[in-house]
There are 2 protein chains.
Amino acid sequence: MKKKDTKTRILDTAERLFAQKGFDAVSLRNIIASAKVNLAAVHYHFGSKQALLHAVVARRLRPINEERLAGLAEARAKAGKRAVKLERVLECLFLPLFRVQANPKVGPTFSRLIGRVLFDRNANLQKFMMSELAEVIPQFSAALDASLPGLAKEETDWRSHFMAGAMAHTLCNADLLAKFTGTQFEPSDYETTVRRLIDFTAAGFRAKASPPTRPRKKK
Amino acid sequence: MKKKDTKTRILDTAERLFAQKGFDAVSLRNIIASAKVNLAAVHYHFGSKQALLHAVVARRLRPINEERLAGLAEARAKAGKRAVKLERVLECLFLPLFRVQANPKVGPTFSRLIGRVLFDRNANLQKFMMSELAEVIPQFSAALDASLPGLAKEETDWRSHFMAGAMAHTLCNADLLAKFTGTQFEPSDYETTVRRLIDFTAAGFRAKASPPTRPRKKK
DNA sequence: ATTTAATTCAAACGACTGTTTGAAACATGC
DNA sequence: GCATGTTTCAAACAGTCGTTTGAATTAAAT
């Protein structure tokens, strides 16, 4: 446990720095200096800086996505022929992701990274994320649809989009909540955060759509 | 109208490139090559790359924030002694921001930029954004509180945070909606987008909070 | 113990970074 | 016309960037 091998030292350090400053703002030399490894080790073990980023993300995201799918499958089995309840679907989606916040070692670091990655427009990274989410998205999209009978697919898609924004922002920028509003944020209490997020988004999903054209004048 | 001066050519080009690739990923030489100006012109007119970014953001964000405050003031005046309705507050917050999407010239470009900026963790930029929003945040925060009688301030803060995430994600990554779900996105129809966003977030704000401790087992 | 493979290392590659400089070119007021 | 202040320009500054190389070291296999 004491001394980690070069590969994981690079991964850990890259994760921390990418999360703190962003992919472009961190150089390989920043990483190897902090990880105390040789510069060429990065290319030996990962091939390129971009591939290192993918490895950093995949290491944490893959177990999370597996947990998500397993949770959803279990909920489906329990529900039998009935559709899984909306709140339950959202919980399967959020909980595995926010659970890492409770781990003081990697939590704050990875939370920021994953939020950052979700919003990054690096083309390679986006393609990589698409492939990482290739299973999760259609599964949860279908579950959401089933839990919202009568809601048009287009509306479900838009509201999923809103939900994704709220989720990523909460994960990534929770510290801004304290900065802007003064309300404190306790990373260890991720269950309360998830509960709040579920309350908000579930109500959003169930909202009655207002008529397409807003009236110009009140009266 | 034909030939713009150096300063605005730099601003326009920087806005486009920052939005496309991000602040760190774009070099001053990328900008001056595309804008067809001299490299030193950037420092002559703006002082530094960071200051250029601030100028790019401020040029569009300042009128938007003025419009937001004016809209809220007008709604307050109309409401008299009553509190402004939640949906109306949200409309004042969203509409000026999303209106730029309808402008095919700057819309897609600035939308991405502002979304990117809201999530960026560049310390200087964050300080700058705080000062740019110094008026808007407390005003709207107070209006939201007033429109949600009985909701604890802590809840309002969290839900404002969720709302901000949904807003930024929608503004910045609307194209992902098509990519992930297949549902098309029409930038010219920003009013429908805003209506959808208001429906979702207003319902989220009004959601009944579920009890703090989730039951471990169903039965 | 010797050969083979995996890993680490210092050094260099060429290209690119934000910023500064001081001389030109331009515009303006007198 | 000349002087003034503003704006443009090419060139250089001092670094940093991701990546590659080939030799030195360590580990594993025979």
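Proteins come first, then strands; the chains are lettered A, B, ... in the order of their sequence lines, and each starts at number 1.
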Over how many whole Å does the gap from A:Asp24 atom CG to D:dC17 atom P extend? 12 Å

Name the closest nucleotide to the A:His43 side chain, picking from C:dT17, C:dT7, D:dG18. D:dG18

Flag this pair as yes if the NZ/CZ of A:Lys49 is under 6.0 angstrom from the six-membered ring centre of A:Phe23 and inside a 45 degree cone about the axis; otherwise no. yes

Separation of C:dT7 C1' from A:Phe46 CZ (nearest whole Å): 14 Å

Would you tell me if any nitrogen or oxygen in the side chain of A:Thr6 comes within less than 4.0 Å of OP1 or OP2 on C:dT8? yes

Heavy atoms of other groups near B:Lys127 NZ, more than 12 under 6.0 Å: no

Roughly how many Å is it from CZ in A:Arg9 to P in C:dT7, rounded to a whole number? 14 Å

B:Glu191 and B:Arg99: side chain to side chain contact (heavy atoms under 4.5 Å, CB included), yes or no, with the steps? CA-CA 8 Å; B:Glu191 290 187 336; B:Arg99 210 193 306 278; 5.7 Å; no

Nearest-angstrom distance from the residue atom CG of B:Leu52 to P of C:dT17: 15 Å

Let me know the distance between NZ of A:Lys7 and C1' of C:dT7, rounded to the nearest Å. 12 Å

Just call it for A:Ala41: base, sugar-phosphate, or nothing, with non-hydrogen atoms closer than 4.0 Å on any strand. nothing

Separation of A:Asp5 atom CG from C:dT7 atom P, in whole Å? 9 Å

What integer distance in Å separates A:Lys36:NZ from C:dT8:C1'? 17 Å

Between the main-chain N or O of A:Val100 and the side-chain N or O of A:Asn103, is there a donor-acceptor pair closer than 3.5 Å? no

Watson-Crick and G-U pairing of DNA chain C written in dot-bracket, each distance under 3.5 angstrom, with | for inter-strand partners: .|||||||||||||||||||||||||..||

Mind listing the side-chain donor-acceptor pairs of residues 133-142 of chain A below 3.5 Å, one per line with the distance, residues two or more places apart or on another chain?
unit_1: A:Gln139; atom_1: OE1; unit_2: A:Arg76; atom_2: NH1; d: 3.1

Could you tell me the separation between the CG atom of B:Leu39 and the P atom of C:dA23, rounded to a whole number of Å? 19 Å

Does D:dC17 have OP1 or OP2 sitting under 4.0 Å from an N or O in the side chain of A:Ser27? yes

I want to check something: taking the side chain as every heavy atom from C-beta on, are B:Pro96 and B:Arg68 in contact at a cut-off of under 4.5 Å? yes

Just to confirm, is there a sub-4.0 Å distance from OP1 or OP2 of D:dA10 to any side-chain nitrogen or oxygen of B:Asn38? yes

In terms of the angle between their ring planes, are A:Trp158 and A:Phe162 parallel, tilted or perpendicular, with boundaries placed at 30° and 60°? tilted

If you check every side-chain atom of A:Lys49, which of D:dG18, D:dT8, C:dT19 has the closest atom? D:dG18

Pick the nucleotide of DNA chain D nearest each of A:Arg29 and A:Ala40; which residue has the one closer to the 5' end? A:Arg29

If you compare every side-chain N and O of A:His45 against the phosphate oxygens of C:dA6 (OP1, OP2), does one of them come in below 4.0 Å? no

